[in-house]
2 protein chains.
Amino acid sequence: MTPLRADAARSRERILEAARRHDPRDLRLNDVAREAGVGVGTVYRHFATAHALVEALTFEALDRLAEVARTAAARPDPGHAFETALRAVLDLHLESGGLQAVLLANEDMSEEVAALKSAILTELGSLLERAQAAGVVRPDVSPEQVQRLVCGIEYAVRLGTLQDRDVFVDTLLAGLRAH
Amino acid sequence: MTPLRADAARSRERILEAARRHDPRDLRLNDVAREAGVGVGTVYRHFATAHALVEALTFEALDRLAEVARTAAARPDPGHAFETALRAVLDLHLESGGLQAVLLANEDMSEEVAALKSAILTELGSLLERAQAAGVVRPDVSPEQVQRLVCGIEYAVRLGTLQDRDVFVDTLLAGLRAH
DNA sequence: GCACTATACGGATAGACCATCCGCTTTTGG
DNA sequence: CCAAAAGCGGATGGTCTATCCGTATAGTGC
C-alpha cells in the first residue's frame, strides 16, 4: 500500500476525529462529512461503509483487548485470570460502543482486524478452557457463548445506567462459576 | 369508542396479519401495506406509528406474560416460583420479538398496555422480593435490573442460535442465586 | 519553477424509505 | 335511496444513503 497523499491523510484524520464525537452504533456518514469539513465523497472514499469507519475507530480498543487477553493468559491462577479478563473485556465493550459490532461481524473486515480478532478469540478461548479444566467455570459453555453473554450483559447495562455494571458482571461471573 | 366500520375492521385484520409475517424490530409500514393489499394511508390511520402496530401485535404475548406472573405468584415455594417465572418470561421474549420494545418503552403506549405493564411489573417485583426474603436470590438486584438482565439474555440468545437458550438461562439463574 | 500525471476532493444527484395529506369511495342510518 | 360520516389509497414532499464525475491539488521528473 502506497503512503497517503498529504491532503488525504489530513482528511482521514478530520473524519476520524468527527466520527469519534458520534455513537458508533448509529453513524450518519453525511453528518460526519459535514462536521469534518469535507465532502461526502471523501468520507466514502476513505471508508467504503459505515462499518469500515467503525472498525477504524475501534482499532485502539481492539488492540487493548488483545493486550488484556495476553496479560490474563500470563496469570497463574486460572479462575482469577478468567474473571479479571472477563471484567476487562466488558469494560472495553462499554467504553467502545463499536467493539461489539466489530467482534460479531463476519465479513467486510480488513486483514488486520481479522487477524487481531482471531488472536483474541484463541487467547480468550484457552483462558476459558484452563478455567474449566481447573473446575472453577462451568464446563458446558463455549468461548463463543461466553462472548455472546458478554455482549448481552453490555446490552443490558446500556438499557439502564452504568451503575448497573458491577451487579451485572458479578451476576454473570457467578452464573459461569462451576456448581 | 364507537365500533369500527366493517371495511375498517377488515383492513385492520389484514394489516395485523401481514405485520405478523415480519420481524417486529424492523417493521416497514410501506411493505406491510403492500402485502396487506391496502394503501399506506390506511396503515398509518390504524396505527399512527410502527410502535403502535408492534404494541397491537404484542398484545397477546403481553397478556400471557401477565398470566405467567399471576400463576407464579400462586406457587408456594418462592425460589421455585421465581425460577419458573423467569424461564417463562424469557421464553415469551424469545417468541415475541416485539415484547422487549413494548416493555422497555416509556411513552407512546395505550392506556390498556400501560395498565398491563404496570400490573406485570408489580407482580414480578413481589415475586423477586419474596425470593430475596427467602434468601434464595441475591438481595442486591432490583426488579428493573432483573428485567434488563432478561432483555440482555434475550439479546445474547438472538446473537447465536436458539440452542443457547438453556445454557444462558441457567447461567442467569445461577448468577442470581444468593451466595 | 514548470509541466504532467496520479490522487484526491466536493457536492449534485439518484435511489430507497418514511409519513402526510386530501380527493375519491364505501358504509351506515334515516 | 340519499346524505353525511367514516374510511381508503397513493401521489407527494421530506430525509437519508451512497455513487459518480468534473474539478482541484499533491507529488515527480526535469
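Labels below follow one simple rule: chain letters A, B, ... track the order of the sequence lines, proteins then strands, and each chain is numbered from 1. In this text the structure is predicted, and so the values were computed from the model without any measurement.
For B/His46 and D/dC8, the shortest distance from a side-chain N or O to OP1 or OP2 is below 4.0 Å. For B/Thr42 and D/dG7, the shortest distance from a side-chain N or O to OP1 or OP2 is not below 4.0 Å. OP1 or OP2 of D/dC8 lies within a sub-4.0 Å distance of a side-chain N or O belonging to B/Ser11.
Of the candidates D/dG27, D/dT17, C/dA8, D/dG27 carries the atom nearest the A/Ala6 side chain, counting heavy atoms from C-beta on. Here the side chain of A/Val40 is nearest to one of C/dA19, C/dG10, C/dA12, namely C/dA12. The side chain of A/Asp7 lies closest to C/dC9, out of C/dC9, C/dG10, D/dG27. Comparing C/dT20, D/dC8, C/dA8 by their nearest atom to the side chain of B/Tyr44 picks out C/dT20.
Within 6.0 Å of the CD atom in A/Glu112, the count of heavy atoms belonging to other residues, nucleotides or ligands does not exceed 12.
Taking the charged nitrogens against the carboxylate oxygens, B/Asp77 and B/Arg130 have no contact shorter than 4.0 Å, which rules out a salt bridge. Using a 4.0 Å cut-off between charged nitrogen and carboxylate oxygen, B/Arg10 and B/Asp7 do not count as a salt-bridge pair. With respect to B/Arg87 and B/Asp166, no salt bridge is recorded, no charged nitrogen being found less than 4.0 Å from a carboxylate O. Between A/Glu67 and A/Arg70 there is a salt bridge, with a side-chain nitrogen of the basic residue lying less than 4.0 Å from a carboxylate oxygen of the acidic one.
Taking atom CG of B/Asp26 as the reference point, atom P of C/dC17 lies 11 Å away to the nearest angstrom. Here the C1' atom of nucleotide C/dC18 and the CZ atom of B/Arg34 are 14 Å apart, to the nearest Å. Here D/dA5 presents its C1' atom at 13 Å from CZ of B/Arg45, a figure rounded to the nearest Å. Between the CZ atom of A/Phe47 and the P atom of C/dC9 there is a distance of 11 Å, given to the nearest Å. Between the CZ atom of A/Arg12 and the C1' atom of C/dT7 there is a distance of 16 Å, given to the nearest Å. Here the P atom of nucleotide C/dA19 and the CG atom of B/Asp108 are 12 Å apart, to the nearest Å. Taking atom CD of B/Glu35 as the reference point, atom P of C/dC17 lies 13 Å away to the nearest angstrom. The separation between B/Arg10 atom CZ and C/dT27 atom C1' is 10 Å, rounded to whole Å.
Taking the nucleotide of DNA chain C with the nearest heavy atom to each of A/Arg5 and B/Asn30, the more 5' of the two is matched to A/Arg5. Sequence order on DNA chain D of the closest nucleotides to B/Gly41 and A/Thr49 puts B/Gly41 first from the 5' end.
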